[in-house]
Amino acid sequence: MCEALGGQQMRAAVVRVAGGPFLIENVKLGSLKPTEVLVRVVATGVCHTDMVVRNQDFTTPLPMILGHEGSGIVEAVGTDVTTIKLGDHVVMTYMSCGLCDTCESGHPAHCEYMGPLNFGGARLDGSSGVTDREGGELHDHFFGQSAFAEYALASERNVVRVPKDVPLELMGPLGCGIQTGAGSVLNALNVHAGSSFVAFGAGAVGLSAIMAAKVAGATTIIAADLNEARLALALELGATHVINSASEDPVARVREITQKGADFTLECSGRGAVLRQAIDCLGIFGVCGIVGATKEGTEVAFNVNDVMIPGRRIMGIVQGDVVAKTFIPVLVDLYKQGRFPFDRLVRFYDFAEINQAVEDSERGVAIKPILRIAAASDA
């Protein structure tokens with residue numbers, strides 16, 4: 001079955017030059033490895049990290065097929081696959097090795113091989129799964145999937161089965177952006193009932209964190225952003241207060257609201273100045289989580305004594321530090337119960353509109369664009 005797939009044609013969005021457009025090209029799909037699954041992609045979320053890599057703020061090889069929030073239906077499985085079967089509806093998430101000390105200790109999102117597995121543009125053995133129409137090399141396996149394509153060669157490790165009674169085209173962002181925001185609150189930071197929480201940035205990650213903080217029982221939930229429409233949405237999704245950082249000092253305002261400083265903050269914007277605000281507004285023993293992707297080499301200064309004496313903590317977080325196979329089903333259940341309405345964040349686009357979707361995301365017009373690549377009924 002695996003070898004029969006070799007040479008199959010599909011459409012994929014390829015980035016060939018730094019900062020260039022996504023070019024929809026006809027490419028050739030390679031064969032499955034024994035531990036891989038072939039997913040026919042129904043839809044794929046567009047994430048800020050796709051733009052970071054397109055712009056080469058993270059160094060990755062080009063040309064590459066990006067996309068790492070894919071959902072779809074399993075059409076083939078490798079000979080060694082035991083937990084996924086044909087016809088399964090799945091969400092694709094980040095890739096991890098499963099064998100290093102970090103993975104074995106229950107933290108695969110901080111896998112020792114996170115870099116090469118998710119940003120290396122190939123499998124860990126250096127092989128690629130696709131070529132262009134002329135047989136030229138293309139880099140793929142971005143986050144173990146490269147889901148800006150009609151098909152994805154994913155691993156048994158990074159596909160998560162989801163129920164067939166939920167809209168599959170909606171589920172893809174659970175694999176990265178939504179998971180990152182919610183997981184940071186519910187898992188990495190362990191925001192608890194009665195606590196105060198501030199999301200710096202009300203994009204997909206920040207708003208997911210807001211919803212998760214409400215689920216966790218936080219009683220003071222603050223969103224800080226520059227976009228009034230997103231702040232209004234934050235109030236509808238669970239925020240008790242909002243701060244427009246263009247007109248208010250967020251540090252002073254957070255201290256005024258909480259009276260003692262925040263218990264938890266999450267920096268989602270990827271901006272150094274905002275990270276400093278997220279640290280400075282913490283109370284005693286407050287914890288600041290960092291999830292905003294920044295350009296390689298970015299440095300931020302902070303007052304050492306203002307961190308040490310109050311016992312503040314600064315935590316780097318990848319993918320909410322969750323085990324996706326167990327956490328994504330929790331988010332699906334919360335969504336089905338009406339307690340995690342992440343569908344309110346999305347806007348759908350046809351695959352051919354990928355560059356418009358990216359532009360709308362960068363301009364703040366769309367919070368979480370999702371590209372429709374195939375109808376679930378056709379997949």
Side-chain angles (χ1 to χ4, degrees), residues 2 32-39 47 49 58 60 68-70 74 77-85 88 90-127 129 140-147 152-162 171-172 174-192 205 208-209 212 216 264 266 287-291 293 313-333:
C2 299
L32 283 173
K33 296 290 187 181
T35 59
E36 290 183 331
V37 299
L38 178 72
V39 178
C47 178
T49 304
F58 284 179
T60 58
H68 62 285
E69 292 183 340
V74 175
V77 298
T79 55
D80 293 347
V81 172
T82 60
T83 61
I84 301 294
K85 64 182 184 300
D88 280 347
V90 295
V91 166
M92 291 177 280
T93 186
Y94 68 89
M95 184 60 179
S96 59
C97 76
L99 299 172
C100 68
D101 290 347
T102 314
C103 284
E104 291 280 17
S105 67
H107 300 278
H110 292 273
C111 172
E112 293 176 20
Y113 298 95
M114 172 59 70
L117 282 171
N118 292 275
F119 295 94
R123 301 181 178 97
L124 201 55
D125 64 8
S127 64
D140 72 335
H141 280 75
F142 183 60
F143 278 68
Q145 55 182 284
S146 286
L153 292 173
S155 166
E156 184 176 21
R157 279 196 59 77
N158 76 316
V159 297
V160 180
R161 189 184 296 110
V162 294
M171 295 291 112
L174 294 178
C176 183
I178 308 299
Q179 169 176 267
T180 295
S184 295
V185 167
L186 298 174
N187 187 63
L189 293 173
N190 195 23
V191 173
H192 53 79
V205 174
S208 297
F264 302 96
L266 190 66
V287 186
C288 172
I290 306 172
V291 295
R313 285 159 286 174
I314 303 169
M315 176 190 295
I317 305 172
V318 175
Q319 296 287 334
D321 191 23
V322 303
V323 177
K325 283 186 182 288
T326 56
F327 188 72
I328 288 176
V330 170
L331 294 182
V332 173
D333 284 344

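Because only heavy atoms are used, hydrogens play no part in the values below, and waters and symmetry mates are left out as well, while side chains stay in.
One distance of note links CD1 of I328 with CD1 of I178; it measures 11.0 Å at 0.5 Å rounding. Rounding to the nearest 0.5 Å gives a distance of 10.5 Å between CD of Q319 and OG of S96. Rounding to the nearest 0.5 Å gives a distance of 5.5 Å between CG of N187 and CG of D321.
Looking at N118, its side chain does come within 3.5 Å of a backbone N or O of M95 through a donor-acceptor pair. In this structure, the side chain of D88 engages the main chain of K85 through a donor-acceptor pair within 3.5 Å. Remark: side-chain polar atoms of S155 are not paired, donor with acceptor, to backbone N or O of E36 under 3.5 angstrom. Counting only distance, with no hydrogens or angles, the side chain of E69 and the backbone of G177 share a donor-acceptor pair below 3.5 Å.
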Residue pair L153, L38: steps toward the side chain to side chain contact (heavy atoms under 4.5 Å, CB included) verdict
CA-CA 5 Å; L153 292 173; L38 178 72; 3.9 Å; yes
Please evaluate residues C97 and E112 with respect to the criterion side chain to side chain contact (heavy atoms under 4.5 Å, CB included), reporting the C-alpha separation (whole Å), side-chain torsions for both, the decisive distance (0.1 Å), and the verdict.
CA-CA 8 Å; C97 76; E112 293 176 20; over 6 Å; no
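No side-chain heavy atom of V91 sits less than 4.5 Å from a side-chain heavy atom of V332. Side-chain atoms of V322 and L186, non-hydrogen and from C-beta on, never get closer than 4.5 Å to each other. Counting heavy atoms from C-beta on, the side chains of T180 and S208 never come closer than 4.5 Å. Considering only heavy atoms from C-beta on, R161 comes within 4.5 Å of I84 through its side chain. K325 has its side chain within reach of V160: a pair of non-hydrogen atoms, C-beta onward, lies under 4.5 Å apart.
For the side-chain contact (heavy atoms from CB on, under 4.5 Å) criterion with F143, the lone passing option out of T93, T49, L117 is T49.
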